[in-house]
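I have placed the structure first, in the form of structure tokens, so that the comments after it can refer back to it.
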Amino acid sequence: MLVGVPKEIKNHEYRVGLTPSSVREYVAAGHEVIVQAGAGEGIGATDAHYESAGAGIVDTAGEVFARAGMIVKVKEPQPDEWCQLSEDQILFTYLHLAPDPEQARGLIASGCAAIAYETVTDHAGGLPLLAPMSEVAGRLALEAAGSALRAVTGGRGLLLGGVPGVPAARVVVLGGGVVGTHAARMAVGLGAEVTILDRSLPRLRQLDELFGGRVRTLFSTLQAVEDEIVGADVVIGAVLVPGASAPRLVTRAMLGSMKARAVLVDVAIDQGGCFETSHATTHADPTYEVGGVIHYCVANMPGAVPVTSSHALNNATLPFGLALAHGGLGAVEADPRLRAGLNVRQGRIVNDAVAQSLQFT
């Protein structure tokens, strides 16, 4: 199959769908790869690196979309991209369609088969292509919170870990999955006081053992969330319902009970956000204030560290991408893990969770 890699065009997105190392694997497996000129600049991969790996370099994204049978990206296609897709193409990328009906309609109109990294599963029902970026985002969430807490950026003027004689910041993590665990690990490492809320008792037991009592674990109820955010300096929103819109755990009314200039970091913003007052921001303008509370809601957080993120993502996506390049949609039919990733096909939303969130019939 001819596989195409366009340069990412979302605001401050520096990752790339295929690294030169991955291109070499595709070429070794008998596939042809074309890469838009400059696509790898954000990770220090030059066109010469891609050519050495066996790729052909083309000048424009238009040529990639016109020629390739499969398009491999990182972020969801933008309007200028989805209008170039066609019914004989496979799109393999993050989609996050649940909060994005405009993109959904664009993909439906294109007729392409769109496979979302975030809903591809493993044999245990996990999300192997979401996990590496969740690890990165969880760790970045604490860096973002630390920056937003500083007085020079409008925050409370707190150091996350405090110093001897001065209390550390109180960090509340909503959700004990991959994002929440990595956010908590960073917070604990910095010396913050950490509480994790989750609705899975088995997961709370695992977290208690993992952190050896260094974090508080609480079963997540409406009351527990309300009680915990009152004293929080930082709240990390890390909840996930695969494919669906994130549940709104912190309402606008709750902001009035929080400390002035406390920080909310909504890592679930790609799925619509888990705070009622969230709306997507960019790395260029990452925060805003509602009700005296600082909101950080960057929709492509891992894009800030594209070298780490691109290689981690490629490590996870490579076997699935090779299977698609070899078998096309036949690979989707043969593999339940890829079937779970199929969100759009022949002008229809075919993932139930996505369809329900979009309320498309």
Side-chain angles (χ1 to χ4, degrees), residues 1-18 33-39 42 58-120 129-130 133 243-245 269-272 279-280 282 298-300 302-303 310 313 317 320-321 324-325 328-329 332 338 340-361:
M1 181 180 287
L2 176 56
V3 178
V5 183
K7 185 173 183 177
E8 297 293 323
I9 60 174
K10 189 165 184 173
N11 183 283
H12 282 272
E13 181 53 70
Y14 304 106
R15 290 172 288 181
V16 63
L18 292 180
V33 181
I34 55 173
V35 177
Q36 184 183 350
V58 298
D59 291 331
T60 65
E63 189 170 352
V64 173
F65 282 96
R67 292 177 53 192
M70 181 168 76
I71 304 293
V72 180
K73 283 177 40 61
V74 178
K75 289 305 292 177
E76 70 278 359
Q78 304 301 294
D80 287 347
E81 294 175 316
W82 71 57
C83 67
Q84 298 183 69
L85 291 163
S86 61
E87 62 184 16
D88 58 348
Q89 285 179 318
I90 296 171
L91 173 66
F92 192 39
T93 189
Y94 286 116
L95 294 176
H96 299 292
L97 288 176
D100 193 352
E102 184 182 7
Q103 182 201 168
R105 292 188 183 97
L107 293 178
I108 287 169
S110 77
C112 77
I115 299 167
Y117 293 159
E118 71 272 11
T119 61
V120 171
L129 308 192
L130 186 61
M133 295 305 92
S245 296
I269 192 65
D270 276 329
Q271 293 296 126
H279 63 76
T282 67
V298 173
N300 60 328
S310 293
L313 180 61
T317 60
F320 294 94
L324 286 168
L329 289 178
V332 176
L338 282 171
L342 187 63
N343 280 206
V344 183
R345 185 176 185 181
Q346 295 178 335
R348 293 177 52 246
I349 301 293
V350 295
N351 180 288
D352 289 341
V354 172
Q356 289 171 13
S357 291
L358 289 168
Q359 298 183 338
F360 283 10
T361 56

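With Tyr117 as the fixed residue, the side chain to side chain contact (heavy atoms under 4.5 Å, CB included) test singles out one of Leu313, Leu130, Leu95: Leu313. With Lys10 as the fixed residue, the side chain to side chain donor-acceptor pair (under 3.5 Å) test singles out one of Glu81, Gln78, Glu76: Glu76.
To the nearest 0.5 Å, the span separating CD on Glu8 from NZ on Lys75 amounts to 9.0 Å. Annotation: the span from Asn343 atom CG to Thr119 atom OG1 amounts to 4.0 Å, rounded to 0.5 Å. Rounded to the nearest 0.5 Å, atoms CG (Leu324) and CD1 (Ile115) are 4.5 Å apart. Atom OG of residue Ser310 and atom CE of residue Met133 lie 7.5 Å apart, to the nearest 0.5 angstrom. Interatomic distance, CD1 of Ile108 versus CD of Gln103, reported as 10.5 Å (0.5 Å rounding).
Gly62 and Gln84 make their closest contact through CA-OE1, 3.2 Å (heavy atoms, listed as atom of the first residue, atom of the second, distance). Scanning all heavy atoms of the two residues, the minimum distance from Ser357 to Ser245 falls at OG-N, 3.1 Å. The two residues Gln271 and Pro99 come nearest to each other via the heavy atoms C-CG, 3.7 Å. Smallest separation of non-hydrogen atoms from Leu97 and Val344: CD1-CG2, 3.8 Å. The two residues Ala104 and Ile349 have their closest heavy-atom pair at CB-CD1, 4.3 Å. The two residues Ala61 and Pro6 have their closest heavy-atom pair at CB-CB, 4.4 Å.
Aromatic ring orientation, Tyr94 versus His96: parallel (interplanar angle below 30°, classes split at 30° and 60°).
No donor-acceptor pair closer than 3.5 Å links the side chain of Glu63 to the backbone N or O of Thr60. At least one donor-acceptor pair closer than 3.5 Å links the side chain of Glu13 to the backbone N or O of Arg15.
Between Glu118 and Asp270 there is no side-chain heavy-atom pair separated by less than 4.5 Å. By the 4.5 Å heavy-atom criterion applied to side chains, Thr93 and Ile71 are not counted as neighbours. Counting only heavy atoms from C-beta outward, the side chains of Leu107 and Pro77 approach each other to under 4.5 Å. Side-chain contact between Leu18 and Val3: present, with at least one pair of heavy atoms (C-beta onward) separated by less than 4.5 Å. Using a 4.5 Å cut-off on side-chain heavy atoms (C-beta onward), Asn300 and Val298 make contact.
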